[in-house]
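Here is the structure we will look at.
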Amino acid sequence: MKALTRHIITLALLLTSMAAWSQTDEPKMYHWNLGVSAGDILHQLFNTDESNRPYAAFLLEYSGQKYALQAGFRPGYNMKNITHDGFSDSEVTEERSVSGHLALTRIIFSDRNWQVKAGLQYEGGWSKEDIIEDSGFDRVTTRRLEWNGGAGPVLDFRYFVHPRISLSIDAALIYSYSQSELQQLFTNFPDFDSTKDKIIDRGLQVVEPATIYLRFHF
């Protein structure tokens with residue numbers, strides 16, 4: 001009886017060891033990944049223009065066996081202060097913005113190095129630019145408010161240089177709605193506040209690959 005018990009225990013340990021060994025040979029799947037835009041890294045290194053970056057700066061994604069949910073975002077803030085010599089007048093320009101997207105995708109092709117995903121993406125953004133002129137008599141703010149939202153199909157192409165590191169680009173076809181308002185606001189005389197211009201735009205946009213994302217899988 002004792003010998004039979006020892007044989008059962010030995011067989012169980014052997015099967016456990018073989019299963020563990022086979023698992024180490026299989027590529028491990030990492031469910032989470034964090035992406036950083038290579039375009040932003042290059043802009044920072046070479047101190048180029050901060051504007052015209054419609055793509056997300058950071059990505060966070062959770063992937064299952066077939067489906068994945070991804071969120072991307074880009075915050076923005078900038079301020080310039082100009083004081084005119086010999087005068088009390090000053091001019092401050094302040095910009096705030098935030099944009100992002102949410103995408104649900106499914107793997108349609110996958111091998112050891114390449115992976116292609118397709119799905120639906122929703123994206124939106126908001127921005128505010130204030131030009132504040134202070135003459136000492138009144139503060140006049142010229143404000144540009146913009147927001148947009150839209151949705152459509154998206155394709156995601158990835159190349160794995162390592163199980164934990166991949167490079168990706170994406171393209172989408174988005175039907176979007178956007179609105180822009182130009183306002184003039186008076187601090188001491190609010191009765192003169194007015195909306196000088198309002199633009200509404202809607203239509204189909206082809207979002208071409210604009211940057212390469214460096215993704216870290218964990």
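When reading the values below, keep in mind they use all heavy atoms of this one structure, side chains included, and skip hydrogens, waters and symmetry mates.
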- prompt: Using 30° and 60° as the class limits, which term best fits the ring planes of Tyr213 and Tyr55: parallel, tilted or perpendicular?
  reply: perpendicular

| Min side-chain heavy-atom separation Ser63-Asn33 under 4.5 Å | yes

Next on the checklist: Go through it in stages, so that I can follow the logic: the residues are Glu181 and Ile199, the test is side-chain contact (heavy atoms from CB on, under 4.5 Å), and I'd like the CA-CA distance, side-chain angles, deciding distance and then a yes or no.
Outcome noted: CA-CA 6 Å; Glu181 287 188 13; Ile199 300 173; over 6 Å; no

One should read off an interatomic distance between Thr142 OG1 and Gln184 CD, to the nearest 0.5 angstrom, of 4.5 Å

Side chains of Thr141 and Ile131 in contact at under 4.5 Å (non-hydrogen atoms): no

Parallel, tilted or perpendicular: rings of Phe218 and Trp32 (30°, 60°): parallel

Kindly determine whether Gln115 and Tyr159 satisfy side chain to side chain donor-acceptor pair (under 3.5 Å), including the steps that lead there.
CA-CA 7 Å; Gln115 191 176 86; Tyr159 178 77; over 6 Å; no

Rounded to the nearest 0.5 angstrom, the CD-CZ distance for Gln179 and Arg202 is 10.0 Å

- Kindly say whether Val140 contributes a backbone atom to a donor-acceptor pair with the side chain of Asp134 at under 3.5 angstrom? no

(message) With heavy-atom distances below 4.5 Å as the criterion, would you say the side chains of Val92 and Lys80 are in contact?
(response) no

Tightest non-hydrogen contact, residues Ile108 and Ala118, listed as CD1-CB, 4.0 Å

Review point. Out of curiosity, does Phe216 fall in the hydrophobic cluster containing Phe157 (side-chain heavy atoms, cut-off under 4.5 Å, transitive links)?
Key: yes

message: Donor-acceptor check, side chain of Asp170 to backbone of Val154, threshold 3.5 angstrom: yes or no?
response: no

Sub-4.5 Å side-chain heavy-atom contact between Pro163 and Tyr30: yes

Gly150 and Ile174 have their tightest heavy-atom pair at C-CG2, 3.8 Å

Take Ile165 and Leu214, measure what side-chain contact (heavy atoms from CB on, under 4.5 Å) needs, and give me the verdict at the end.
CA-CA 7 Å; Ile165 301 174; Leu214 178 61; 3.8 Å; yes

Kindly work out whether a path of hydrophobic side-chain contacts (I/L/V/M/F/W/Y, heavy atoms less than 4.5 Å apart) joins Leu145 to Trp147. yes

Heavy atoms of Leu185 and Asp193 approach each other most closely as CA-OD1, 3.3 Å

*Row check, Tyr67 ring normal vs Arg106 NZ/CZ: under 6.0 Å, within 45°*: yes

In Leu104, Thr105, Asp156, Leu102, the residue satisfying side chain to side chain contact (heavy atoms under 4.5 Å, CB included) with Gln70 is Asp156

When every non-hydrogen atom of His217 is compared with those of Ser166, the smallest separation belongs to NE2-OG, 2.8 Å

Side chains of Ser180 and Arg144, heavy atoms from C-beta outward: is any pair under 4.5 Å? yes

Applying side chain to side chain donor-acceptor pair (under 3.5 Å), run through Arg215 and Ser168 and close with a yes or a no. CA-CA 8 Å; Arg215 294 176 181 263; Ser168 73; 2.8 Å; yes

* **Phe192 atom CZ, neighbour heavy-atom count above 12 within 6.0 Å** => no

- Query: Is Leu204 reachable from Tyr177 through a run of hydrophobic residues whose side-chain heavy atoms are each under 4.5 Å from the next?
  - Reply: no

query = Thr195 side chain to Asp197 main-chain N or O, any donor-acceptor pair under 3.5 Å?
reply = no

Start with the C-alpha gap between Thr93 and Asp130, add the side-chain angles, then the distance that decides, and say whether side-chain contact (heavy atoms from CB on, under 4.5 Å) holds. CA-CA 6 Å; Thr93 301; Asp130 285 348; over 6 Å; no

Main-chain N/O of Trp126 paired with Ser97 side-chain donor or acceptor, under 3.5 Å = no

**Prompt:** Would Glu61 and Arg158 pass as an ion pair if we require N to O under 4.0 Å?
**Reply:** yes

Glu94 versus Tyr77: any side-chain heavy-atom pair under 4.5 Å? yes

message: Does Phe58, at its CZ atom, have more than 12 non-hydrogen atoms belonging to other residues, nucleotides or ligands within less than 6.0 Å?
response: no

Q. If you group Ile, Leu, Val, Met, Phe, Trp and Tyr by side-chain heavy-atom gaps below 4.5 Å, do Ile169 and Leu155 land in one group?
A. yes

* Asked: Any side-chain heavy-atom pair from Thr187 and Asp138 closer than 4.5 angstrom?
  -> yes

Heavy-atom closest pair (Thr211 atom, Ala38 atom, distance to 0.1 Å) is OG1-N, 3.7 Å

Requested in this report: Report yes or no: does Asn113 contribute a side-chain atom to a donor-acceptor pair with the main-chain N or O of Phe160 at less than 3.5 Å?
Outcome: yes

Rounding to 0.5 Å, atoms CG (Asn188) and CZ (Phe137) come to a distance of 7.5 Å

| query | Are Phe73 and His101 side-chain neighbours, meaning at least one heavy-atom pair lies under 4.5 Å? | reply | no

